[in-house]
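Letters A, B, ... mirror the listed sequences (proteins, then strands); counts begin at 1. In this text the structure is predicted, and so the values were computed from the model without any measurement.
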Protein chains: 2
Amino acid sequence: MTPAPGSPGDVLTLISAGSATTRSDLARLTGLARSTISQRVDALIERRLVEETESGESTGGRPPRQLRLHTEEHAFAGVDLGATHCRIVLMDMTGVVLAQCEDPLLIGEGPEKVLAHVDGRLDRLLAVAGRPRAALRVIGMGVPGPVEFATGRPNNPPIMPGWNDYPIPDSFPGVAVLVDNDVNVMALGEHRNAFPTARHLLFVKVGTGIGCGIVAEGRLHRGAQGSAGDIGHIRVNGHEESGCRCGNSACLEAVAGGAAVARRLTELGVPAETGADVVALVQAGDTQALRLVREAGRLIGEVLAGLVNFFNPEAIVIGGALSRVHEHLLAGVRETIYRRSLPLATHHLSIVPSRMGVDAAALGAGILAIEHYLSPDNINKIVNA
Amino acid sequence: MTPAPGSPGDVLTLISAGSATTRSDLARLTGLARSTISQRVDALIERRLVEETESGESTGGRPPRQLRLHTEEHAFAGVDLGATHCRIVLMDMTGVVLAQCEDPLLIGEGPEKVLAHVDGRLDRLLAVAGRPRAALRVIGMGVPGPVEFATGRPNNPPIMPGWNDYPIPDSFPGVAVLVDNDVNVMALGEHRNAFPTARHLLFVKVGTGIGCGIVAEGRLHRGAQGSAGDIGHIRVNGHEESGCRCGNSACLEAVAGGAAVARRLTELGVPAETGADVVALVQAGDTQALRLVREAGRLIGEVLAGLVNFFNPEAIVIGGALSRVHEHLLAGVRETIYRRSLPLATHHLSIVPSRMGVDAAALGAGILAIEHYLSPDNINKIVNA
DNA sequence: ATACTTACGCCGATCAGCGAACAAAGTCTG
DNA sequence: CAGACTTTGTTCGCTGATCGGCGTAAGTAT
């Protein structure tokens with residue numbers, strides 16, 4: 001059932017969102033009596049979820065005691081597992097990064113090895129941050145493939161051999177583990193950081209492949225099988241000659257993904273293998289690379305133009321490796337979207353590069369973890385326990 | 001704020017959904033004490049929202065008194081305004097149709113005339129159903145264009161001259177009026193009738209134009225500007241020669257809409273003007289028409305294949321005028337979707353024709369009205385008043 | 001008939017939340 | 001600088017909603 005309004009969870013939500021910093025604020029916002037609020041806040045303080053800081057500015061009367069999240073005794077991890085890397089951030093309850101790390105790590109080594117590595121790194125990060133292992137409340141994890149979110153099991157992931165149906169949360173006993181597609185957590189992070197008030201947002205990751213995270217009504221849309229946002233295999237005009245690893249041809253990913261752009265560059269006599277190579281060439285001023293990136297942007301924009309008509313988002317954020325040369329990519333994207341989408345849908349549409357850089361997925365995964373822990377339902381459970 | 005669990009509104013929701021038919025059921029489902037449930041039910045009965053019927057079957061003890069919605073004193077209207085017609089259904093609180101009507105009506109006559117017509121028809125339908133005007137609680141209305149749902153004002157509708165920004169609800173003082181795009185209300189109706197348990201559903205209307213209603217998490221997704229679902233102007237492969245009224249070319253609507261198919265038939269020497277003509281030709285066994293409808297299905301399927309990857313729905317329902325020959329249309333749609341979408345997304349996907357026929361929009365609009373009235377928030381307001 | 005089961009109303013006990021009164025801690029003013 | 005004023009926060013008795021036990025109603029099984 002939905003939590004009652006004014007429950008401890010609601011009160012904490014207001015504090016964590018920054019909507020209220022004092023008991024008086026809370027009383028005003030919730031409509032509850034000041035005495036009731038005091039009770040609620042006391043309970044939250046007793047559970048070490050909230051703390052009082054030195055008094056704030058007086059507005060003519062007694063200065064209010066400021067409230068804020070009690071960050072010391074809680075920690076949250078955001079884990080970004082890529083095909084060849086592992087990034088982890090350790091956060092406090094407010095989303096501040098306490099420690100982070102990054103290693104090369106082949107996801108193809110299989111879940112046992114990879115998750116053991118993660119577990120070791122978590123211990124190290126906790127030590128660096130000076131928190132006991134017990135302080136780690138929730139782990140959020142982004143993986144490069146579809147996941148059944150409710151159970152944390154990868155669902156026939158194409159580039160994660162050995163991971164199919166593997167129950168990832170079981171490898172971290174005693175901690176809640178939320179596993180999601182990497183693009184989804186990036187979308188979440190970008191929404192919370194850059195467009196917290198937008199109701200509907202798309203995050204497009206342009207790396208080796210192309211994927212999309214969907215935020216609808218402020219929450220992640222994962223679809224019926226958790227495969228929503230898989231736009232890399234949408235067909236684009238022309239390009240029937242480009243075969244895709246999925247078996248079809250003319251897939252967006254096969255013509256505009258980092259690997260595809262690299263291959264085309266190679267064909268033109270400019271050797272490149274990966275999206276990173278392409279980025280390097282563009283940054284070095286290679287005009288062929290620049291042209292192809294912009295052309296990739298146009299192709300991506302063509303697909304996005306359709307999705308803008310369909311989904312009518314407020315913002316589109318472009319991230320991923322290729323977005324490091326986002327000026328050129330975005331130019332192509334914008335050009336096509338504004339040409340092919342309906343004016344009503346594009347009028348108030350922001351199309352912007354990602355703000356979060358390479359740590360986007362890890363940060364988003366951490367936010368996923370924190371939001372789970374601070375959700376009113378969970379807080380009420382903790383307080384009533 | 002969210003209503004408290006076990007509130008009168010929650011109780012009524014359980015009764016109206018058929019989850020509970022007795023006080024004992026309610027106590028079990030809500031977890032509230034039997035005495036509390038009795039109070040709640042009494043309040044609902046007093047407000048004429050619920051009634052008791054003759055006792056039900058005993059299961060070994062005293063037979064429970066059955067509860068059901070008190071239908072006599074409430075009525076709801078679903079209005080379907082099309083380009084050239086007006087259909088209205090009058091419903092009771094459970095969605096049973098009490099009376100209905102259908103007239104030719106040109107929406108281009110402007111809001112005053114059209115809405116006055118609707119108002120007159122409502123009086124007549126209420127008379128037929130033997131209910132006073134005061135029994136009419138909410139009017140749901142579907143119109144052929146984008147609407148700002150919160151205010152009930154059409155938003156630059158292309159085929160509703162004179163309606164832009166017109167405050168439709170003001171024309172029905174004393175009654176709540178909910179105005180939405182016609183495709184949205186059709187999607188809602190189809191979801192509630194045919195796929196009530198599906199979380200995500202797409203409804204595609206193939207008429208003169210092509211539009212799509214989106215149900216996400218069981219609720220309508222309207223997008224940031226209320227223009228979500230406008231898939232008629234998504235680009236399809238080839239067909240650059242087909243200009244569209246929107247100014248672009250190769251729009252789905254311009255190659256696979258009813259008007260487009262009719263035009264192509266005419267070019268082939270088979271005279272046809274509208275989608276209805278096309279339907280008649282197919283039903284008469286014209287092979288050219290049949291081929292073109294199937295081809296239109298393939299083109300629509302191509303766009304839907306991309307949307308299936310993106311949105312990952314559980315069901316796609318095809319409706320609209322052309323769906324009267326749905327065998328042929330659906331064949332083309334299915335063919336393309338299964339070829340171009342990802343297996344994970346299509347594995348549990350149902351692609352089916354609309355069940356609701358020509359009254360789909362009116363019925364959906366009525367359901368929109370009823371659900372608004374029976375929403376926990378609204379019921380709590382009524383009971384506490 | 002009698003025991004048993006289930007349904008439901010009544011009523012005292014309980015508890016969450018309210019608001020008035022009070023205490024605390026500052027600013028403003030003569 | 002003292003006292004009035006303002007705002008914050010706590011204490012505590014009050015109220016009203018909810019609970020759960022008991023009695024009664026209304027059936028079935030033996």
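Of the listed nucleotides (C:dG19, D:dC19, C:dC8), C:dC8 has the atom at the smallest distance from the side chain of B:R62. In this structure, the nucleotide among D:dA17, D:dT8, D:dC19 sitting nearest to the side chain of B:L32 is D:dC19.
Between A:R34 atom CZ and D:dT7 atom P there is a gap of 11 Å when expressed in whole angstrom units. Rounded to whole Å, the distance from CD on A:E52 to P on D:dG9 is 8 Å. The distance between atom CZ of A:R40 and atom P of C:dA16, rounded to the nearest whole Å, is 9 Å. The distance between atom CD of A:Q66 and atom P of D:dT7, rounded to the nearest whole Å, is 16 Å. Regarding A:E57, its CD atom lies at a distance of 15 Å from the C1' atom of D:dT8, rounded to whole Å. In this structure, A:L67 atom CG and D:dT8 atom C1' are separated by 12 Å, rounded to whole Å. Per the geometry, CG belonging to A:D42 stands 10 Å off C1' belonging to D:dG9, to the nearest Å. Between the P atom of D:dC19 and the CD1 atom of B:I37 lies a distance of 8 Å, rounded to the nearest Å.
The only member of B:R137, B:R47, B:R48 that meets salt bridge (charged side-chain N to carboxylate O under 4.0 Å, His left out) when paired with B:E73 is B:R48.
Of all non-hydrogen atoms in B:G189 and B:M356, the two that sit nearest each other are C-SD, 3.5 Å.
OP1 or OP2 of C:dA24 has not a single side-chain nitrogen or oxygen of A:R65 nearer than 4.0 Å. Between A:R28 and the phosphate of D:dT7, there is no side-chain N or O to OP1/OP2 separation shorter than 4.0 Å. Look at B:S35 and you won't find any side-chain N or O under 4.0 angstrom from OP1 or OP2 of D:dC19. Contact check, B:R23 against C:dG9: a side-chain N or O comes under 4.0 Å of OP1 or OP2.
Residues A:P64 and A:Q39 both approach DNA chain D. Their nearest nucleotides, taken by heavy-atom distance, put A:P64 toward the 5′ side. Closest-nucleotide positions on DNA chain C for B:G61 and B:T22 were compared, and the one nearer the 5' end corresponds to B:G61.
Comment: B:D92 does not engage B:R131 in a salt bridge, judged by the lack of any side-chain N to carboxylate O separation of less than 4.0 angstrom. Looking at A:R219 and A:E371, no side-chain N of the basic residue comes within less than 4.0 Å of a carboxylate O on the acidic one, giving no salt bridge. Checked for salt-bridge contact, A:E51 and A:R68 meet the test: a charged N lies under 4.0 Å from a carboxylate O.
B:S38 comes within 4.0 angstrom of the backbone, heavy atoms only, and of no base. Across all strands shown, B:S24 has heavy atoms under 4.0 Å from sugar-phosphate atoms exclusively, and none from any base.
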